[in-house]
Each structure stands twice: as structure tokens, then as C-alpha cells.
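Report on the structure given below.
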Amino acid sequence: MKKAKQVQHMISKPFDLLSEELVFIILDLVAQSPSDLKSFSLTCKWFYQVEARHRRSLKPLRAEYLPRILTRYRNTSDLDLTFCPRITDYALSVVGCLSGPTLRSVDLSRSFSFSAAGLLRLAVKCSSLVEIDLSNATEMRDAAAAVVAEAKSLERLKLGRCKKLTDMGIGCIAVGCRKLKRVSLKWCVGVGDLGVGLLAVKCKDLRSLDLSYLPITGKCLHDVLKLQHLEELLLQGCFGVDDDSLKSLTHHCNSLKNLDASSCQNLTQRGLTSLLSGAICLERLDLAHSSSVISLDFASSLNKVSSALQSIRLDGCSVTCDGLKAIGTLCISLREVSLSKCVTVTDEGLSCLVMKLKDLRKLDITCCRKLTGVSITQVANSCPLLVSLKMESCSLVSRDAFWLLGHKCRLLEELDFTDNEIDDEGLKSISSCRSLSSLKLGICLNITDRGLSYIGMSCSNLRELDLYRSVGITDIGISSIAQGCCHLETINISYCKDITDKSLVSLSKCSMLQTFESRGCPHITCQGLAAIAVRCKRLTKLDLKKCPFINDSGLLTLAHFSQGLKQISVSETGVTDVGLVSLANIGCLQNIAAVNTRGLSPSGVAAALVGCGGLRKAKLHASLRSLVPPSLITHMEARGCAFLWKDYNNHNNSNTLQEQAELDPKYWKLQLEEDIEL
Amino acid sequence: METGEDDLCQNNWGSASILDYEMAREDEEEEPNLHVFKASSSGQDNNGGQASVDFLQGVKAQAWDPRTMLCNLSFMEHKIHELQGLVHLILGRNGQLQDEQQQLITSDLTSIIIQLISTAGSLLPSVKHHNMSTTAPGSALFPFPREANNLASQTLNNNGGASQELVLPKPFVGESHEMKNEDDAEEGENLPPGSYEIKQLEKEEILAPHTNFCTICGKGFKRDANLRMHMRGHGDEYKTPAALAKPTKETVPGSEQMLVKRYSCPFPGCKRNKDHKKFQPLKTILCVKNHYKRTHCDKSFTCSRCHTKKFSVIADLKTHEKHCGKNKWLCSCGTTFSRKDKLFGHIALFQGHTPAIPLEETKPSAAASSQRGSSGCGNNNNNAGMVSFNLGSATKANQETSQPCFMDGKISFEESFSPLSFDTCNFGGFPRSIFDDSFQMLISSACGCSPINGGDGSVSDTSV
């Protein structure tokens, strides 16, 4: 009797023996999937409490629930409010009061309608606030910045696109937040030399400074480069930084590791030389879209930094053969080279460059249209450690080159062969790269199911596969991928016109699938979609545009099963009001595109809009604009939803011949090339 | 007399300033003996002082009249007798004087000695002046009265170097507050001492509205040319070309080698005073005037626009008024700048100073806050424009008793400008522009700056 009672007692509190630390370790592992975490916390009251104590980061979907969730999760240190477009001052004071000193980081980059008063409450109550992201607060003024300065322990601050901020506000922050380590002022077009200079003078701990697109000159860089710990300096698009203002610059910024001087139109070799003069430990240099020609002279300005340099980006520059050769000779330790859109790159130049770079890991030669198989052969022969190769639109590269590439570079993980001549043999060779995780084969018209099946059989780590307009692919190829690559997260089968529901059913085996794009697949129906919806629980992005057989039943299943869906396009499908309204059932839904969907009525759209509480973007047909009540539109905009009104009427009214043409890849490609030449 | 007035002026100057550090300095300055001087000057010696002023002017007017000289000598005699009497008095009492009496006597002594010395100084003729006055046809005009007196005072200083310390027992006052570089012109000029001739004007002369006086009617003029024009009215003898001609400068043959003239400020302890260790002479008389007024005088001209800035030189006021209101760059310490880079240089230099955001800018953002937030914002202060730094501008009336509870949607930036913000505007703490009362409390405690003015600001009123 007594024993039985004891047993009963033990059953009633079965987790007494389990220490909280152990549960926390379990929870750390469970936490990767939100639904699992939910199931865990619903097990029993104790689990519920433990889970509430364990969770540190929160990403709430609705600001209305902030008081409740913050009461439940008292240990919240990271609060990501990017899903809550409308954060009022009240919400911020709730955060301040409930999370108080435990809060360390807040992300308000996608939120609006808060003011300086709310920020003040946050800054005062959350004394240990270390990170705050206020990007896109385009209405924020200096007064609000002065309030941010009250967060004395702030270390990381993002103020991207705070266009109304001026030197005065930045000055307040510089004086107030002395511990700042990482500051981003990208697109703060009101901030100039004085504000940045003061920031550099007052915040001696700065590690990273993003000054992109600021109207600064070289003047403030004198102060900035005196910072003892500066590691990262981003000067993208600073047109005011020119040679003259950098003339007298000499510095010894040994800590600088990363310098981005891309799109600095007025910076030439002379200015760059003085900018690099003291940065002897520089590892990454970005000179993309530079106005000067990357010649032999230009390469000589890299003299000082050549020893440690690991990565260089020269996207969009006019590169000469001599220049590349000199870079190859100077910077032997380079691991990453990006020459994307450098139309002047020739086989000779690239071969000379890669010949010296035995350690090269990443190479980007997107749109270097002059390159042929010669340079790819050279790359394959010289760089056995290559991990990433992006060579979109290098259409002169012969098929054999791909074979060699797969043969020599076994460590490849990321490959972009979009718009290339690769064929099944090439894919067979590539499939020997076991760790391949991203493969882009868009507009590769020479590949078929056979080639794809090699990939499916060997590359079990594949996460991303792009088959956009690769029309040789049918259900067989897709099913072999689905069978072999169970970690697949992203797949694009847009305009693969032979794909049917069978592919979707087989893809539903990939339970990690997050992004599924099947635009313009005319054979897909609701049955295939249902399979995906039921089994791929992590689905977040779905593109069903121009799938005419997709209708309400498909969306109803989605609304029921895919609770994590964030983005959906149902343009030019058979969806009606019922389907659209049912989408309101998905709490996370942020983006809806429903253009030229004939079954939609204004009232149905209005109901769907009201129902989707977290909507951020709605792409709708322009004719609906006048039919939906204006008050509803203003209401939606106040909730944080942006509207994009599209008018495809002209395009749509033209005959079906054009639709046919759009589906025919060869015709499409021809047209594309004509467009490029124009 | 001189010391007394000086002290008075110093005192006014100190109280006129709004900056606390200056106030503090003034406190240090006020030592007991100075109080005594003030008392004496305002009391019994007033008449004597006045008399001596008249007397000095008389000296100026008729310096080389032997009758005047005689008069001066008898005056000195009289004064010496007075002095003797006083010393006898002290001796008679065997030094057993009460403090008060002693001080009275000391001050009497001081004033007598001053008068004595100045009279004696005026008696001493200078060689070249003598020549000039005898040879120049328009000697009656007496075109250099100032210089005569200068020399007199110079010799006074030379002769009575020892007595001067007795006469002017003022404590040394550092000139750190002399911010203006009004005399920059001669900053770089490093004349070796002795290579120039030092002149020292007296305070009364510096401050006198006129420097040229008509010997007949006594009317004063700023310029000697004006005086000459005036003199024509007194008779035909003043209408001769010689009389009307501009007196030529020091072209007397046989006069000693011409030295460059430099000027000394009569204020003891001043860097421009020739007794200062690092004496920097002033270049012209105008420099002396401006320097003396700016540095040692009451700032009596107030800007009619901002009602804050005060000046002692009217030209400075005019210059300021040209730019007043354009100084839109404001530091938390209350200093305004016409240029942003100057403000940022200032902030970079000082710890704890921060740019102050003008109030008008905080308004739109307050209005653009959430609808709920702006709806409750009823009582606006309407302190549009820049923050005014008038002490005691009655913001007290605007103090709201808002509860600093997060639940109330009433968010106002306006109430932030309570007097507290500016009362505490010494260099430790800084005024807050946009915070509610609860927060001000926090700030002031965090900065460690307690409200100086007895906490009569908003602190006591807030319901924190």
C-alpha cells in the first residue's frame, strides 16, 4: 500500500530528478525547430515554466502580445521586432518595463510609429542594452538620437537609412555611448565629416564603422583611422572621399582588416595608396565599381597591404591584363577574388592571376563574357582548394572545361552555372564534389534528367538547387534529387514546363524544404501542392505564379498545414476570394502577390487584407486600387503594409502567342540577348 | 579711490556673468580687506575722490602754468601734513587700535597717498613736452594732454614702485577669463624689453569719454581735429593755418632717439600691466581702451536681441548684434557657435559636453509620435526656437505634474525645459533637452551634479 503510494507520488512528479540545467541542454537542441519547442512547452506545467525560463531570444509576430509574452519570458535578452511593423511608444515602454535590465539587444529595423519618447523609456529602463537596430527609421530626428545616447552601455548600433539624422544627433550618440564598438550609418545622408569625426574622437573602442553613402570627405578619415581597434571600415559610395582630401593622410591603423571602398567614384590610385598606407594587416579589400582602371600602376598601390590580403573584390571595374597579373604576383595569399561583371577580363588576365593563387577558395567571374574554357581549365588546374565558383553567363566556356573542373576541384561547395553550356557529362563530373551544397543550373539548356540524377545520387549535402528555365528537366530528374538530397532547403523549378505533380510529391520527402518556386509550371495542380504543404512543415516561401491549375483547395490546404509560410505568390492562378481569405489563417504571412487573378473580387481582397494581421507587402492589380475602400488602404498602411499596384493589362491582353513564347526557353533567351545588346 | 572703484567694478562684472565658474572666482576674490576698501570708497572718501578727479582735469588743462604748479605744491604740502597727523595719531595710541579703526586709518592713508603721488606726478615735466609746448604756436590748445598725463603716471609708477604695492593691495587675479584676443595684433611681435617706451594711462583717462578739452570753455572732444574746429569759435587767433594744422608728431630736433611706444594696462596683476612677469604690451591707445573696458570693466551693453550677451565695448555689441540669432549651434554647456565645426571642435575638446538639439526640432517628432501619444499632449510650453539661457526664465509655471508611469500616453517634450536644466549648467552636468521630469532626476543624480540653486528647480515639484 505504502509502496504503491510512493510510486504514485513518483509518477505525479516524474521530473523532480531532472535538473534544470539538463533540461536546458535538451532545450538547446530542441530549439532549432519552433514547433518542437511549442510541443515541449505544452507537455506539462513544469516544462512550460522551464521553457519560459530557458528562452533568451524572442521574435514576436504581433506587437499586441508583447505584454503577455514578455511576462512569460522574463529572461529575454534578444528581442527581434522585425515582424511587428507597428511598434508604438507604448509597446516600447512595455518592453522597457517588463524586460528591463535583462534585455541586451533590440531590433527595430522594420518597425515604425515609435518616437523619441518610447526610445527614451527603452534606453532608461534597459540599462544593459548592448545592441539596437534602428535602421529604416527614416523619420527619426536628432532628438531621438539624443535619446539613444542615454543607453550608455550600447556597443552595437545600426542607423541605416535614418535620413533625417544630422551631425548633431550623431554627436549626441558619440558623447553618450562611449562603449560603441560597431556602428552602421549607411545612407544617413545628413551626417557629414563632423559627426563621424566626433564619433571617432569619442568612441575609442570602435571596431566596425559603416559609412556607406555618407556625404563625407577624407577629412574625417584622419580621425577614423586613428582608432586603435578599428577592424572594419565601409566606405561604399562615398563620393566625397577623393584623392585631395586624403593627400595628407598617414596612419598606422594596424588593426584594420576589412576595407570597403567600392563605388567611391572620386577615389583613384593616389588616394587609395594613402588610404592603404598604414593598413598593413588588411585582409579584405573591396574596390568594386571603382572609376579607375585596374592597371599595373593601380596594382602598385596594393604594395603595402599585399602580404596579408586574403580577399579582393573588383566587381564592375575595367580590369587590364597587366593589372591582374600584378595582383597575382603581389598578393599571393589571396583566397577570394571577385571579378563579377568585369567585362574586360580576358582569358590571359585571369589565367595569369589564378596561376599564382594556389590558395584560392572563392572565385566570382559572373558575366565575364569574354572568358572561355581556357581560363576555367587554368582555374581547375591551379586552384585545387576552390570552394566556390560563380560563373553565371560565361557562355563561351566549353563543355569540356566543366568536366575538368569537377575532376580537379573536389572541395567545391557552391557553384553557379546559370546560363552556361554545361551538359550531363559536366554534371557527372561535378557530382564528385561530395560537399556540394548550392548548385545553380538556371537556363542550362543542355542538361537533362540523366545529369541531374548523378547529382542526386552523390551530393547528399545539397541545400539549394536552381533549375530556372532548364527545360530539359522532367519529373524523373526531380525525383532523383528528392531521393538523394534530403537536406534540400531551396528549389527553383520555374518554367520547367514538363514538371507535374509527381515531382512535387517526391519533393515532399525533403522535410527541410523552405523555399519552393514553381512559377510557370502549367501542369502543377492542388494535389501536388497539398503534398508539399502537408509534409514540408518549414515552408516559408512559395511561388505559384502562372500555375493555372492551382485553385482555392490548394490554398485551403496550405492555410491549414503551412503555418510558417511568409511569402506567397498566387498571381495568374485560379485562386478566388475563398482561397485568399483562407490565407489569413497563416499568422506569419508577410508578402502576398495576387496580380491578374481573375477570381478575385474587391470585397474578397479587402477581407483577406484585414485578416492577414502581419502583412508587410501586398502586390495587387491596379484596377483593385479604386475598388477597395480607401479607408482600408490607409488602415493597412498604418498597420505597416505597403502596396504595390501592378498593371499588366497591355501585356496580358496580347494574344496567347506571346504567352507561348514566354514558355519557350529558346525564344525567350534570344529575346533576352536582343535586350542586352540594345 | 581707485581701488575702491575697481573693486566695485570687479564685483559688478562678476555678478553680471552667468557662468558659474566666474561666480566661483569672484567668491575667492572677496577677501576681507577688499570689503574695507569698498566701504571706504563709498563712505567718507567719496568727496575727496571727486575732488581729485576735478583736480586732475585741471592739471591736464593747464599743465605748464606755474600758478597751477604752485597750487599743486601747496596741495601736496597740505596732504603731507594730513599724513603726518594720521601717523601721529597712530603713534599716540601706541598701535593699540581696534581692527575697525585701523582699517579706517589705513584706507585714509591709502587715499591720501594716491592723491599725493598723482599730484606729484603731474608736476614732473618731460623735456620734450616742455620743448613742444614752448615752440608750438598752438600751445594754448595743448594737443597732447593725454601724453602729459601719461608720462606723469609713468614716472609715478617708476618712482613710487615700492609705494604702489602698499597703495594697491589687491590680490593677484588670474586673467584666465580673458577669452577675447582683442589684442592679437601684437601677439607675435616680440619686442625685447627696453626696446620700447612704456606708457601707462590712468583708469579715468581710459574711461573718459573725451580726451581733448577746450582750455577756454572746458568742452571735451574725442578728436583733436574736432577741438581745433571748436576753437575757431573762441577767436581769430585760432583760425590761423598754423593753429588749424594738424600738430606734427614729435619732430623736435635734439630730442632723444625715438623709441617705439607701447602701452601698459593700469590694472595690477593684468598680463598687460608692465609689472606682470610675462608682460605683453598693448600697441595703441585704442588697444588700451578696448582691453581695459573688455577685461576690467562692467559689461553694461546688453544685446537687444538675445538679452543675454553683454559687452563693455559698444563696437563689440554691434558686431555681436549683426550675428545674434545666427548662432544656431548650441552646446549643452550653453555656449553657442555660429559654425558647426566650431561646436564640434568644442565638444571634441571637453568631456561630457554634448550637442544640444534645438527644441523646435523635437516638436515635429513628438507630434509624429503615435496617435495616442500626441493626443494627450495638451499643455505645450511653446518655447519655440532656441533654448533661452536666461536664468530664471519662469519655466516653473510650465511644470507639469505628469506621472512618469509608462502607462500614460501623455508624452511631452516641452516640459523638459525646467529651470533645473540650466541651473545645473556647470561643466559637470549638462542640460537635458527632451526628457520628462522623472528622467531629469535620473540624469542629475547620474551626473552627480546636484542642483546648485538650493533645489528650487523642478526637482522638488516632481512626483518621482
Side-chain angles (χ1 to χ4, degrees), chain A residues 67 86-98 112-125 127 137 139-147 149-150 152 164 166-176 178 192-202 219-220 223 638, chain B residues 328-332 337 339-374 376-377 402 404-413 416 430 432-436 438-443 446-447:
Chain A
R86 189 180 160 77
I87 293 289
T88 58
D89 287 339
Y90 169 73
L92 284 183
S93 46
V94 164
V95 172
C97 283
L98 292 176
F112 60 91
S113 85
F114 57 86
S115 74
L119 284 177
L120 177 67
R121 297 258 150 84
L122 196 71
V124 171
K125 299 265 183 184
S127 50
E139 291 302 311
M140 187 164 128
R141 284 170 183 276
D142 290 338
V147 163
E150 296 311 319
K152 303 283 180 207
K164 291 195 176 163
T166 70
D167 288 332
M168 297 292 275
I170 296 301
C172 289
I173 289 174
V175 174
R178 306 298 281 270
D193 278 332
L194 295 171
V196 175
L198 192 65
L199 199 66
V201 167
K202 295 283 180 183
K219 248 189 247 167
C220 66
D223 286 329
Chain B
K328 52 179 182 170
W329 303 109
L330 179 65
C331 176
S332 58
F337 299 86
R339 283 167 55 180
K340 191 158 74 163
D341 54 338
K342 298 288 175 200
L343 168 67
F344 275 72
H346 167 87
I347 288 164
L349 204 61
F350 292 101
Q351 295 281 319
H353 289 212
T354 163
I357 313 293
L359 185 58
E360 61 195 327
E361 203 189 302
T362 66
K363 283 203 157 180
S365 72
S369 67
S370 62
Q371 286 110 357
R372 185 160 24 77
S374 52
C377 204
S402 82
C405 162
F406 75 87
M407 285 303 185
D408 71 344
K410 190 164 70 180
I411 291 140
S412 76
F413 291 112
S416 59
F430 31 87
R432 291 287 132 189
S433 43
I434 33 189
F435 314 120
D436 53 9
S438 64
F439 186 62
Q440 263 181 9
M441 219 17 218
L442 253 162
I443 293 296
C447 297

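In what follows, chains are A, B, ... by sequence order, proteins preceding strands, each numbered from 1.
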So how far is it from [X] [atom1] to [Y] [atom2], rounded to the nearest 0.5 Å?
| X | Y | atom1 | atom2 | result |
| --- | --- | --- | --- | --- |
| D193(A) | K340(B) | CG | NZ | 9.5 Å |
| D167(A) | W329(B) | CG | CH2 | 7.5 Å |
| D341(B) | L198(A) | CG | CG | 12.5 Å |

Looking at every non-hydrogen atom in both residues, tell me the closest pair between [X] and [Y] and how far apart they are.
| X | Y | value |
| --- | --- | --- |
| P355(B) | C172(A) | O-SG, 3.1 Å |
| F350(B) | K202(A) | O-NZ, 3.0 Å |
| A143(A) | I357(B) | N-CG2, 4.0 Å |

*What part of D223(A) gets closer than 4.5 Å to chain B, counting heavy atoms only: side chain, backbone, both or neither?*
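Neither part.
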